[in-house]
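These notes are about the structure you will find just below.
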There are 2 protein chains.
Amino acid sequence: MKINTTISEIAKIAKVNKSTVSRALNNSPLVNGETKKKIMEIARDLQYFPNSLARGLINRKSETIGIMLLELSSLKKTLFIDILKGIESACVKYGYNMLIASLSEQREERTFPFNLIKCNRIDGILNICSPYSLNGFSNSCIVDHPVVSINGITKDKNKYCVNFDNYEGGVIGANYFIKRGHSRIAVLTGNQMFNFFKERIRGYRSVLIKNNILFDKNLLQFGCFEDEIKSGELSTYRLLDLPVPPTAIFALTYELAMGAIKAIKRRGLEIPNDIDLMGYGCNELNNIQHFPITTILQNPFALGFTSCELLINILNRKEITGNLFYVPVELMVKAMRIKKKVYV
Amino acid sequence: MKINTTISEIAKIAKVNKSTVSRALNNSPLVNGETKKKIMEIARDLQYFPNSLARGLINRKSETIGIMLLELSSLKKTLFIDILKGIESACVKYGYNMLIASLSEQREERTFPFNLIKCNRIDGILNICSPYSLNGFSNSCIVDHPVVSINGITKDKNKYCVNFDNYEGGVIGANYFIKRGHSRIAVLTGNQMFNFFKERIRGYRSVLIKNNILFDKNLLQFGCFEDEIKSGELSTYRLLDLPVPPTAIFALTYELAMGAIKAIKRRGLEIPNDIDLMGYGCNELNNIQHFPITTILQNPFALGFTSCELLINILNRKEITGNLFYVPVELMVKAMRIKKKVYV
DNA sequence: TTGTAGGCGTTATCAT
DNA sequence: ATGATAACGCCTACAA
């Protein structure tokens with residue numbers, strides 16, 4: 001495996017100084033057109049590739065970011081892969097590379113990703129958290145290192161987090177129902193200790209307040225985590241059995257919505273005539289196209305892209321205002337009616 | 001974000017030359033015990049981390065390998081994640097890092113991973129192929145670069161490939177049946193244009209020959225790819241309807257075995273009393289523990305680990321004999337009887 | 001055992 | 001517009 005071409009070799013052939021070669025290759029205006037052309041030609045002929053280690057050494061950066069994961073297995077989830085694709089897209093755009101910096105079980109040191117910064121292997125870290133993590137990354141993250149957390153939560157103004165705009169998702173969902181004339185809007189949620197549920201509900205409640213609708217806690221149903229579809233179904237029965245049942249149900253996950261559909265169907269009701277229903281997010285199979293009901297859509301690709309772009313801006317010392325960023329969600333309205341027979 | 005400690009700083013504090021520091025940090029015997037101790041102490045206090053760019057520049061290696069994937073989405077599959085875990089394990093063992101070098105749709109240049117070698121960002125490439133690829137990596141791989149292909153096929157003696165030992169899997173499976181007294185052993189396979197099917201069948205047939213059993217082509221049933229379980233079921237019906245049906249069925253995938261179970265159950269037969277059955281590999285959910293029948297087990301973690309270790313050996317110019325390597329498979333015998341009621 | 005000097009391949013800062 | 005020289009942080013002959 002032969003040694004690579006260097007600027008010195010090119011310089012020798014072109015009969016110029018290597019600094020001229022460097023300038024030519026870096027598109028400096030301080031170089032004669034003819035000279036530049038000649039140099040570029042030689043570089044192409046010799047298949048010159050700049051040594052990124054030498055470059056990084058003098059520029060004090062590796063142009064590589066570390067992807068920090070609690071475990072590689074997270075990548076099995078479509079959500080994480082889509083986030084990763086967004087990250088990759090931003091990396092391609094800005095010429096960065098991606099290093100896997102997962103906290104594998106085999107590594108004793110939990111500071112591994114940060115050590116990678118210290119030894120100049122990576123310039124910064126994208127910390128991909130699980131939405132189901134409770135403490136965000138506060139305990140694992142060393143301040144003063146360039147780190148952006150995806151799905152993370154923090155109260156530290158020095159730590160950057162990018163999330164789906166869960167609050168806005170709650171607002172959009174509630175507003176949609178209100179515009180359709182509903183005032184008894186139920187919510188199917190998971191455990192509120194998870195930030196994203198809390199935020200969605202916060203958004204929903206803010207809309208109620210704005211519309212002078214009293215919050216009825218009977219309309220807020222908590223599902224268990226083990227069998228979300230089942231618990232969505234059971235919660236829906238409870239809602240339908242209320243003395244004054246809701247006219248609309250806002251299911252805060254795909255699975256809860258599936259359960260709700262099941263219950264509504266079993267009761268012989270129709271969506272949206274008898275009761276209106278909205279889902280949230282998409283499922284693992286990403287088959288949102290076939291999901292029959294109106295839904296709040298999240299864009300994991302955008303989440304990854306935005307986060308990565310933020311990190312790169314931080315690395316390039318761009319002015320950043322704020323430390324918490326939110327990726328917009330959108331409403332996907334499904335006009336079709338859901339009749340009982342559809343679900344037989 | 002402060003500048004990192006360098007050996008020069010340590011040298012100044014320790015009142016020695018920086019080359020002495022370098023020697024001390026690299027465990028050179030050419031340094032006094034006392035001096036070394038002092039230097040190590042200062043290094044710890046100052047949180048010294050060697051600059052890997054400077055190190056790589058002089059050592060001509062980055063100690064990073066590129067993980068080459070056709071697309072990131074491959075990682076959704078448990079098989080690939082397990083391979084990746086094996087790779088990571090070897091990387092941790094040998095102090096290497098993993099760079100994602102996927103051929104994303106956004107990149108025009110298909111030579112991207114090889115360019116990463118040329119610019120010294122990575123030392124070599126682990127090319128993770130799909131078992132369902134037809135041409136291996138022959139068209140994408142530049143000879144004379146350190147590349148090891150996982151699941152790849154090649155006839156080029158200069159290219160390294162590591163695979164599950166599919167041939168041996170066929171041998172083990174057939175031998176197991178023969179030891180149990182079977183001589184009419186059917187095979188459920190997918191399309192033989194895929195190398196791994198071809199190899200498994202080759203192993204199976206070699207055992208028949210050794211045992212003087214004539215190969216009956218009626219006992220070789222091909223399934224279609226779209227609905228493997230269904231086609232496994234249909235193939236099994238065909239087998240059971242033969243004038244002289246087989247006494248054992250060797251299903252070359254998990255899905256084909258599932259279909260076979262279904263057919264056997266429907267016909268009111270029992271495993272292994274009425275007919276013997278063996279599966280191959282494990283399914284995406286990796287729930288092999290619960291898979292009820294005797295199976296040829298593959299170890300994707302070992303595949304990843306072995307491949308990565310091979311690549312690192314190549315990088316360190318170890319003597320390598322051969323270019324094709326096989327990761328052993330093993331037989332997992334399930335003793336329990338499968339009765340009809342189990343599957344109701 | 002330690003110090004000196006040179007080099008890895010770039011880029012940056014001088015000067016010309 | 002170009003050249004000479006130093007510097008990035010580390011390693012390694014060679015000299016002492």
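Residue numbering restarts at 1 for every chain, and letters A, B, ... go by the order of the sequence lines.
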For B/E9, what residues pass the salt bridge (Lys or Arg N to Asp or Glu O under 4.0 Å) criterion, not counting sequence neighbours? none
Taking side chain to side chain contact (heavy atoms under 4.5 Å, CB included) as the test, write out the residues that go with A/N166, two or more places apart. A/F164, A/F196, A/E199, A/R200, A/Y280, A/Q298
Residues 318-327 of chain B side chain polar contacts: donor-acceptor under 3.5 Å, at least two apart:
unit_1, atom_1, unit_2, atom_2, d
B/N323, ND2, B/D156, O, 3.0
B/N323, ND2, B/K159, O, 2.8

With sequence neighbours excluded, what pairs up with A/D123 under the side chain to side chain donor-acceptor pair (under 3.5 Å) test? A/S62
Measure the angle between the two terminal helix axes of the helix from C/dT1-D/dA16 to C/dT16-D/dA1, five base pairs each, and quote it to 10°. 50°
The criterion is salt bridge (Lys or Arg N to Asp or Glu O under 4.0 Å); which residues satisfy it with A/E63, sequence neighbours excluded? none
Using side chain to side chain donor-acceptor pair (under 3.5 Å) as the criterion, list what pairs up with B/K18, not counting sequence neighbours. none
Taking side chain to side chain donor-acceptor pair (under 3.5 Å) as the test, write out the residues that go with B/K36, two or more places apart. B/N27
A/E309 and A/K93: salt bridge (charged side-chain N to carboxylate O under 4.0 Å, His left out), yes or no, with the steps? CA-CA 9 Å; A/E309 209 166 33; A/K93 177 173 171 190; 3.3 Å; yes
Using the side chain to side chain contact (heavy atoms under 4.5 Å, CB included) criterion, which residues pair with A/L70? Sequence neighbours excluded. A/L103
For B/I13, side chain to side chain contact (heavy atoms under 4.5 Å, CB included) partners two or more places apart: B/I42, B/L46
Can you pull the contact range of chain B along DNA chain C, 5' to 3', using atoms under 4.0 angstrom from its heavy atoms? C/dT1 to C/dG9
Each nucleotide of nucleotides 8-16 of chain D classed B (base within 4.0 Å of a protein heavy atom), S (only sugar-phosphate) or -, in 5' to 3' order, makes BBBBBB---
Rounded to the nearest Å, what distance is computed from the NZ atom of residue A/K37 to the C1' atom of nucleotide D/dA1? 18 Å
